[in-house]
Amino acid sequence: MSGGSRGAAEAQDAKDHDAVTRLLGREPLCSFTVVVRGSDGDPDVIANEPFLFDGTPMPTRFWLLDPAICQAVSRLESSRGVSRAEEEVDPESVARAHADYARERDRLIPESHDGPRPMGGVGGTRKGVKCLHAHLAWWLAGGADPVGQWVADRIDIQRQ
């Protein structure tokens, strides 16, 4: 299984919007940037803006879209993957990953913003592991996520 190609982030365009809508099964709820593409050119991972179009905070910065990868991660999750990751990955490195993820997302929020803000780290989680999809998405996008690496090792996927 391949993780697609990573490169300079590409701004959202109509073709990407249509592909993301198809892959999500619904219209995107916020602006996004394609950060990883599959070999077919479809977006594999997108980076979401920190707020939905209606102003609601969006804690999940990186979103995994590739159907085959999503299915492999879902199978891992259904076989105690979240619990296993929490048991096997160093909790201090997970905490650092959450802090780094939150810092990266929060840098996109203007200092003058006075409304609700996204909270938590990877996928909005404050501590531990919640969603293997979110961890893998950030890892595929280049993040230093030990849980994402753990997932990639178990589903035999490489970061490009």
Side-chain angles (χ1 to χ4, degrees), residues 1-74 76-77 93-126 129-153 155 157-160:
M1 199 177 280
S2 171
S5 63
R6 207 166 44 94
E10 300 170 34
Q12 176 180 341
D13 65 16
K15 183 178 176 184
D16 286 340
H17 178 87
D18 291 347
V20 170
T21 299
R22 176 177 45 79
L23 292 163
L24 288 174
R26 62 169 168 74
E27 284 286 322
L29 301 176
C30 63
S31 295
F32 62 85
T33 304
V34 175
V35 292
V36 180
R37 288 190 183 276
S39 58
D40 61 1
D42 271 351
D44 278 357
V45 178
I46 55 174
N48 293 308
E49 292 297 316
F51 296 96
L52 302 180
F53 292 128
D54 69 1
T56 302
M58 173 57 151
T60 307
R61 174 83 172 125
F62 297 95
W63 200 276
L64 184 62
L65 294 171
D66 179 272
I69 299 172
C70 285
Q71 185 177 35
V73 175
S74 293
L76 182 60
E77 282 187 346
S93 65
V94 175
R96 279 191 303 274
H98 284 308
D100 291 347
Y101 187 98
R103 260 190 306 279
E104 180 175 332
R105 181 199 58 231
D106 294 350
R107 277 196 300 263
L108 300 171
I109 302 171
E111 287 185 32
S112 62
H113 179 78
D114 63 356
R117 293 173 172 267
M119 296 174 49
V122 180
T125 306
R126 291 186 178 96
V129 180
K130 176 180 169 186
C131 176
L132 299 181
H133 296 81
H135 284 279
L136 181 63
W138 185 38
W139 181 83
L140 287 169
D145 188 322
V147 176
Q149 176 69 65
W150 183 91
V151 172
D153 291 345
I155 66 169
I157 189 171
Q158 302 297 312
R159 180 162 56 186
Q160 303 296 315

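Since we're looking at a predicted model, the values are computed, not measured.
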Kindly list each side-chain donor-acceptor pair under 3.5 angstrom involving residues 48-55, sequence neighbours excluded, with atom names and distances?
from, atom 1, to, atom 2, distance (Å)
Asn48, ND2, Thr60, O, 3.0
Asp54, OD1, Thr56, N, 2.9
Asp54, OD1, Thr56, OG1, 2.7
Asp54, OD2, Thr56, OG1, 3.3

Would you indicate whether the side-chain heavy atoms of Met58 and Leu29 approach each other to under 4.5 Å? no

Qualifying side chain to side chain donor-acceptor pair (under 3.5 Å) pairs, either residue in residues 93-102, two or more places apart: Asp100-Arg103

Pair up each side-chain donor or acceptor in residues 117-125 with any protein partner under 3.5 Å, not counting sequence neighbours, and list the distances.
from, atom 1, to, atom 2, distance (Å)
Arg117, NH2, His113, O, 3.3
Thr125, OG1, Val122, O, 3.1

Do you know which two heavy atoms are closest between Phe32 and Asp16, and how far apart they sit? CZ-O, 3.9 Å

For the residue pair Lys130 and His135, establish whether any side-chain heavy-atom pair is separated by less than 4.5 Å. no

Shortest non-hydrogen contact from Trp139 toward Asp145: CD1-O, 3.6 Å

Does some side-chain heavy atom of Leu140 sit less than 4.5 Å from a side-chain heavy atom of Asp66? no

Do Leu24 and Trp63 make a side-chain contact, defined as non-hydrogen atoms from C-beta onward lying under 4.5 Å apart? yes

What are the two closest non-hydrogen atoms of Pro146 and Val94, and how far apart are they? CG-N, 4.1 Å

What pairs with Asp153 under side chain to side chain donor-acceptor pair (under 3.5 Å), at least two apart in sequence or on another chain? Gln149

Verdict with reasoning, Asp44 to Leu65, per side-chain contact (heavy atoms from CB on, under 4.5 Å): CA-CA 5 Å; Asp44 278 357; Leu65 294 171; 5.9 Å; no

For Gln71, side chain to side chain contact (heavy atoms under 4.5 Å, CB included) partners two or more places apart: Arg75

Rounded to the nearest 0.5 Å, what separation is found between the CD1 atom of Ile157 and the CD1 atom of Ile69? 3.5 Å

Can you list the residues that meet the side chain to side chain donor-acceptor pair (under 3.5 Å) rule with Ser74, with sequence neighbours excluded? His133

Report the residues that fulfil salt bridge (charged side-chain N to carboxylate O under 4.0 Å, His left out) with Arg107, sequence neighbours left out, ordered by chain and then residue number. none

Does Asp18, at its CG atom, have more than 12 non-hydrogen atoms belonging to other residues, nucleotides or ligands within less than 6.0 Å? yes

Mind checking what makes salt bridge (charged side-chain N to carboxylate O under 4.0 Å, His left out) contact with Asp106, not counting sequence neighbours? none

Listed partners of Glu111 passing side chain to side chain donor-acceptor pair (under 3.5 Å), at least two apart: none

Nearest heavy-atom contact between Leu23 and Pro43 is CD1-O, 3.5 Å

